[in-house]
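Inspection log for the structure reproduced underneath, given as structure tokens.
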Amino acid sequence: MRGSEIIRALDQRRTDKHCFVKWWRKEADFLDFDLIDRFVENVGGTEEIGGIDLLTMDEMWDQVRRISGTRVRLIHNTNCDTVEWVHQGKNGLDTHVCSYTPETLLQIFDTETRGNPVDS
């Protein structure tokens with residue numbers, strides 16, 4: 001798939017529930033996740049990829065939990081849902097409570113995988 005094919009495939013498959021794209025190179029040696037809008041902004045016309053899958057918040061949460069295990073917890077509140085994330089900081093373990101947003105999930109995922117989900 002090249003740039004315009006990628007955009008066309010995204011437009012055909014995307015629903016309001018999709019926030020993320022999982023994509024891989026045709027050599028199947030690289031896998032990445034991104035926000036759909038950011039992915040679309042960065043895809044080039046000559047860039048070639050092997051394929052894409054679209055993910056909802058729930059599906060991305062499953063990926064985050066798979067990578068982070070018990071270090072993440074989804075907290076349902078009456079006002080809004082939040083994510084409690086325990087991770088290694090400069091001075092030991094840090095606990096962050098963040099809004100349950102696509103950006104939060106991707107940030108946690110990228111930090112936990114060190115930007116390389118294939119090896120995780």
Side-chain angles (χ1 to χ4, degrees):
M1 297 176 83
R2 294 205 184 263
S4 60
E5 294 172 299
I6 297 165
I7 301 302
R8 195 170 29 257
L10 283 170
D11 288 342
Q12 290 172 350
R13 296 186 208 169
R14 187 178 189 181
T15 69
D16 291 342
K17 294 187 179 215
H18 291 121
C19 301
F20 304 93
V21 60
K22 172 182 170 183
W23 64 277
W24 54 92
R25 292 195 321 194
K26 72 179 197 168
E27 295 86 2
D29 64 344
F30 181 82
L31 168 73
D32 202 3
F33 295 77
D34 205 346
L35 300 169
I36 292 174
D37 294 336
R38 187 168 68 189
F39 177 79
V40 168
E41 288 175 17
N42 293 325
V43 72
T46 60
E47 185 162 357
E48 188 171 358
I49 66 170
I52 58 171
D53 283 330
L54 300 179
L55 287 83
T56 64
M57 286 287 287
D58 290 339
E59 291 167 327
M60 191 65 193
W61 173 247
D62 290 343
Q63 293 293 323
V64 170
R65 276 196 349 218
R66 179 182 62 81
I67 295 297
S68 304
T70 60
R71 293 186 310 277
V72 293
R73 184 170 64 118
L74 181 56
I75 303 166
H76 298 287
N77 295 318
T78 55
N79 294 343
C80 67
D81 292 341
T82 57
V83 176
E84 181 182 83
W85 176 36
V86 178
H87 63 98
Q88 188 64 43
K90 292 179 183 178
N91 300 319
L93 291 180
D94 287 340
T95 300
H96 287 91
V97 177
C98 312
S99 296
Y100 181 64
T101 65
E103 293 80 6
T104 295
L105 294 186
L106 193 61
Q107 179 183 6
I108 293 170
F109 186 82
D110 284 347
T111 301
E112 289 283 332
T113 62
R114 294 180 180 89
N116 189 359
V118 172
D119 292 339
S120 300

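Just so it is clear, the values below take in all heavy atoms, side chains as well, and ignore hydrogens, waters and symmetry mates.
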Between [X] (side chain only) and [Y] (backbone N and O only), is there a donor and an acceptor less than 3.5 Å apart?
{"X": "E5", "Y": "R2", "result": "yes"}
{"X": "R71", "Y": "Q88", "result": "no"}
{"X": "T104", "Y": "S99", "result": "yes"}

Within the structure provided, determine whether [X] and [Y] are in side-chain contact (heavy-atom separation under 4.5 Å).
{"X": "D32", "Y": "W24", "result": "no"}
{"X": "M60", "Y": "P102", "result": "no"}
{"X": "K22", "Y": "L31", "result": "yes"}
{"X": "M57", "Y": "L105", "result": "yes"}
{"X": "D53", "Y": "V21", "result": "no"}

Gap separating the [atom1] atom of [X] from the [atom2] atom of [Y], nearest 0.5 angstrom:
{"X": "N77", "Y": "T82", "atom1": "CG", "atom2": "OG1", "result": "5.0 Å"}
{"X": "I52", "Y": "I36", "atom1": "CD1", "atom2": "CD1", "result": "8.0 Å"}
{"X": "L10", "Y": "L54", "atom1": "CG", "atom2": "CG", "result": "5.5 Å"}
{"X": "C19", "Y": "L55", "atom1": "SG", "atom2": "CG", "result": "9.5 Å"}
{"X": "I67", "Y": "F109", "atom1": "CD1", "atom2": "CZ", "result": "5.0 Å"}
{"X": "K17", "Y": "T56", "atom1": "NZ", "atom2": "OG1", "result": "8.0 Å"}

**D16: partners by side chain to side chain contact (heavy atoms under 4.5 Å, CB included), with sequence neighbours left out** =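 Side chain to side chain contact (heavy atoms under 4.5 Å, CB included) check on D16 returns nothing, list empty.
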**Request:** Only counting residues at least two apart or in another chain, list the ones meeting side chain to side chain contact (heavy atoms under 4.5 Å, CB included) with N91.
**Result:**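 N91 satisfies side chain to side chain contact (heavy atoms under 4.5 Å, CB included) with no other residue.
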[X]: what forms a side chain to side chain donor-acceptor pair (under 3.5 Å) with it, not counting sequence neighbours?
{"X": "T15", "result": "H18"}
{"X": "D110", "result": "none"}
{"X": "T111", "result": "none"}
{"X": "R14", "result": "D37"}

**salt bridge (charged side-chain N to carboxylate O under 4.0 Å, His left out) contacts touching residues 88-109 (sequence neighbours left out)** =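 Qualifying pairs, neighbours excluded: none.
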**Asked** Closest approach of V43 and G3, non-hydrogen atoms and distance?
**Response**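 That would be CG2-CA, 4.4 Å.
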**Item:** Which atom of F20 lies closest to which atom of L35, heavy atoms considered
**Value:**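 F20 and L35 have their closest heavy atoms at CE2-CD2, 3.7 Å.
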**Message:** Just to verify, what does W23 make a ring-ring contact (aromatic ring centres under 6.0 Å, His included) with, not counting sequence neighbours?
**Reply:**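 ring-ring contact (aromatic ring centres under 6.0 Å, His included) list for W23, sorted by chain: F30, F39.
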**Request:** Sequence neighbours left out, what passes salt bridge (Lys or Arg N to Asp or Glu O under 4.0 Å) with R65? Give chain and number order.
**Result:**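 With sequence neighbours excluded, R65 shows a salt bridge (Lys or Arg N to Asp or Glu O under 4.0 Å) to D62, given in chain and number order.
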**Request:** Go through the structure and list residues passing salt bridge (Lys or Arg N to Asp or Glu O under 4.0 Å) with E84, not counting sequence neighbours.
**Result:**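 Partners of E84 by the salt bridge (Lys or Arg N to Asp or Glu O under 4.0 Å) criterion, ordered by chain and then number, come out as R73.
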**Message:** Show me the pairs that pass ring pair (Phe, Tyr, Trp, His ring centres under 6.0 Å) and involve residues 52-98, at least two apart or across chains.
**Reply:**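 Qualifying pairs: W85-H87, H87-H96.
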**Item:** Co-members of the apolar cluster containing L93 [side chain, <4.5 Å]
**Value:**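 Besides L93, the hydrophobic cluster comprises V86, listed by chain and residue number.
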**Message:** Please tell me whether Y100 and I75 are part of a single hydrophobic cluster in this structure, the criterion being side-chain heavy atoms less than 4.5 Å apart.
**Reply:**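 No, separate clusters.
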